[in-house]
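Labels below follow one simple rule: chain letters A, B, ... track the order of the sequence lines, proteins then strands, and each chain is numbered from 1. Side-chain atoms are counted along with the backbone in the values below, which use heavy atoms only and exclude waters and symmetry mates.
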Amino acid sequence: MHLVSMTSTRIVELKQQCGNSVTLRGWLHGKRTSGKIAFLIVRDGTGICQCIVEASHPEPFAIAESLTQESSIELTGTVREDARSPGGVEIDISALTLVHRAEDYPISRKSHGVDFLMNHRHLWLRAPRQTAILRIRHTLIKAARGYFDDAGFTLIDTPILSPGAAEGAGTLFPVDYFGEEVYLAQTGQLYLESACMALEKVYCFGPTFRAEKSKTRRHLTEFWMIEPEIAYADLDTLKHHAEGLTLRMIGDTLTHHRDDLATLGRDVSALEKVTVPFASLTYSEAVDLLHSAQTRDWIEQDLAALETRRAEIDAALAVTGEELAAATKAWKKEKLEQTLRELKETRDELAIDLEHRRTHQQDVLSFSWGKDFGGDEETILSRQFDTPLFVTGYPREVKAFYMKRDDTDPRLVVNMDMLAPEGYGEVIGGSIREERLEVLQERMNEEKMDSAPYEWYLDLRRYGSIPHGGFGLGIERTVAWICGLKHVRETIPFPRLLGRMYP
RNA sequence: UCCUCGGUAGCUCAAUGGUAGAGCGUCUGGCUGUUAACCAGAAUGUUGUAGGUUCGAGCCCUACCCGAGGAGCCA
C-alpha cells in the first residue's frame, strides 16, 4: 500500500474546490454499482460525499466494484457541482487506492436494535447521526467554556477521588484506595467553593459519577457537568449566568450546526424560541400552577393532542396496510412492512405515554407542598413554557445541606433549578451556599452528618466567609435537549449505563 | 429494589401446539445516473439457559440469565 498524495482535502471544504482536482481520504459508507458506473458514498471526519467512477477508468472501476462498507480509501478526482448528488457536489474519480479492506462490517445501512448498536458503539460512532451529535456536543462544551472564560472565570480542576462520608453516600461508587475506601466524585462543588474564595469566579468541568440504579432515558452512571461558583452571587446572578450560558450554547449550535441539526431531524424553531428572560417561578408558585385550572386544561389539551396523534397514526397504519395488501413486489412489501413496524412502534410508545400520563396526572394535580418534583411534575411544568423554566426556593428538607436558608421563609432554601423546555427536565441545579458557620453546622446536625470530614469545608466559613453560590449543568441532558434526542445514551461517546460496560 | 414488555439466521422481524420463513447483508451473474438503487440465482439456525407438560413445544408452565421502557433518585 502506498498513498497517492501527501496532502488531502476534507469533505466539508469541497464546495470551495469545484473544478479542481483533489485528494480525499476516508471510508466507504455505501456503494451502488451498475455495469458501467459505480457510485461510492465516501465519508471522512467532516461529512459525506458521493464519488463516481466510470468503467472508462478500468483500474479504479475494478477497485470500486470490489470495495466493502467501511473500507478505508484514498481517492483523487475532480470536484463538480451536481444536483443529483446528495451533498450537491460530486467527485469524478481518476485514481483510487484501497488503504484497508473491511471484511463484514457489522452495522449495515438498515435499521438496528438498541442492544446491537450499543454492543457496537465503537463502530456506531461512524454513523452520520452519531457524528452529528458528537460535533454538536463538542460545540456545546466549547461554548460553555467560552462563556465562562469570556466572563472572567478561571477553570479549576477538582479531584475525581474524594474521601468517604460525603452527602448521599449511598449513591457513590466506592474505590479501593490503597486499602482505604474512597469514592468517585459526584460533584466538584465543595472543592470549587475553596477556589472561589481564592479566585472569586471559577468553574470546573469534569466527569461525575452516580451509583444510582436508574434505568431511564435521562440517566447515566458517568456523566459530565460544568459547574460555576461565584463570589458575592445572589440568585439573580445565578439566573443571569444560567441564561447567558444557555443562550451561548444554543446560539453557537445554531450558527455552526444547521446541517447536523437537519441530520438529526431537530425542530430548530423550538431552539430559536429561546430568548431571555427565561420563565421563572418560585417553588410555591410552581405547586400552585400544578394545582391550577390552567394546568388541568393543559393536561386535557395535551392528552387530546396525543389522542389525535394516535388517530393519525392509526389512519396511516390502515393506509399502509392497504398498500401492503396491494403490493406485489417483494422489496416493496418489505419496505411497507418496515414502515408498518415503525408506525406500530410509534403507536405503542404513544399508548404507553398516554397510559402513563393518565395514571400520573392525578398525582401531579394533587401534589403536596414540601415534596421534591419528580419527572412528571417537571415535564408538566416545563412544557407549558417556550423558554427554559427556573424554579426557585425549594423546601429545605428535600435539598442539600450546603444550600443557604431563606431568612424570609426558613422552610425554604435559596436555590434554583432550570428545567429545559419540551419535557427534557432538569438541566441545571444550583443554589446560594450557606455561608454562616453556625447555620451550616446546625443543618449538618439535623442531617446527622459527621462534621469531621468537612472541617476543611467549614474552614471556608471561618476565614473571611462571603455570600456565594453556583450551579451545575449536565452536559448530556443539554446535548439531548439541543439535539432533540430521546435518550442520553447517544449524547456521549461511550455511555456508562446500569448493566452496560462494553465496549 | 419494584412494575411492564421482549430474547427466532450476521441484522430487522414473521411463524393456530403439527415440515423454522421473509427482507436486508454476504457470494455469483446482469444493468450507464444511482439516492437505504434494481433484476435473477445461491448459502444461512443448539429459536437466551435449564427443567417440566404433551404423541408433538419457537409457541404452554417453572426458575434463572440478558436487554428495553418506567418508578424511586437525580444532572
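Residue ring and base: Phe223(A) counts as stacked with A75(B) (centre distance below 5.5 Å, interplanar angle below 30°).
Contacts of His120(A) with the nucleic acid, taken as non-hydrogen atoms under 4.0 Å apart, are absent. Gly499(A) comes within contact range of the sugar-phosphate backbone alone, with a heavy-atom separation under 4.0 Å but no base atom that close. Base contact: Glu90(A) has a heavy atom under 4.0 Å from a base atom. Residue Thr478(A) is classed as having no contact, given no heavy-atom separation below 4.0 Å to the nucleic acid. Among the atoms of the strands shown, base atoms are found under 4.0 Å from some heavy atom of Gln50(A). Phe39(A) comes within 4.0 angstrom of a nucleotide base, judged by non-hydrogen atoms across all strands. Within 4.0 Å of Gly113(A), counting heavy atoms only, lie sugar-phosphate atoms of the nucleic acid but no base atom.
Between the side chain of His112(A) and the base of C11(B), no donor-acceptor pair of N or O atoms lies under 3.5 Å.
Searching all strands for a Watson-Crick or G-U wobble partner of C64(B) with both distances below 3.5 Å returns G48(B). G41(B) is paired with C27(B) under the criterion used here, namely a Watson-Crick or G-U wobble arrangement in which both key atom distances are under 3.5 Å. Across every strand in view, C73(B) sits unpaired, with no contact that passes the Watson-Crick or G-U test at under 3.5 angstrom. Base pairing annotation: A22(B) forms a Watson-Crick or G-U wobble pair with U12(B), both donor-acceptor distances under 3.5 Å. G58(B) is unpaired under the criterion used here, namely a Watson-Crick or G-U wobble arrangement in which both key atom distances are under 3.5 Å.
Residue Arg500(A) places at least one side-chain N or O under 4.0 Å from the OP1 or OP2 atom of A68(B).
Looking only at atom types and distance, the side chain of Tyr402(A) has a donor-acceptor partner in the side chain of Gln189(A) under 3.5 Å away.
Ring geometry for Phe153(A) against Tyr203(A) counts as perpendicular: the plane angle is over 60°, on a 0 to 90° scale with 30° as the lower cut.
Comparing Pro106(A) and Gly35(A) against RNA chain B, the residue whose closest nucleotide sits nearer the 5' end is Pro106(A). Annotation: of the two residues near RNA chain B, His487(A) and Leu220(A), the 5′-most nearest-nucleotide partner is His487(A).
Comparing A68(B) with A57(B), their P atoms are spaced 32 Å from each other, to the whole Å.
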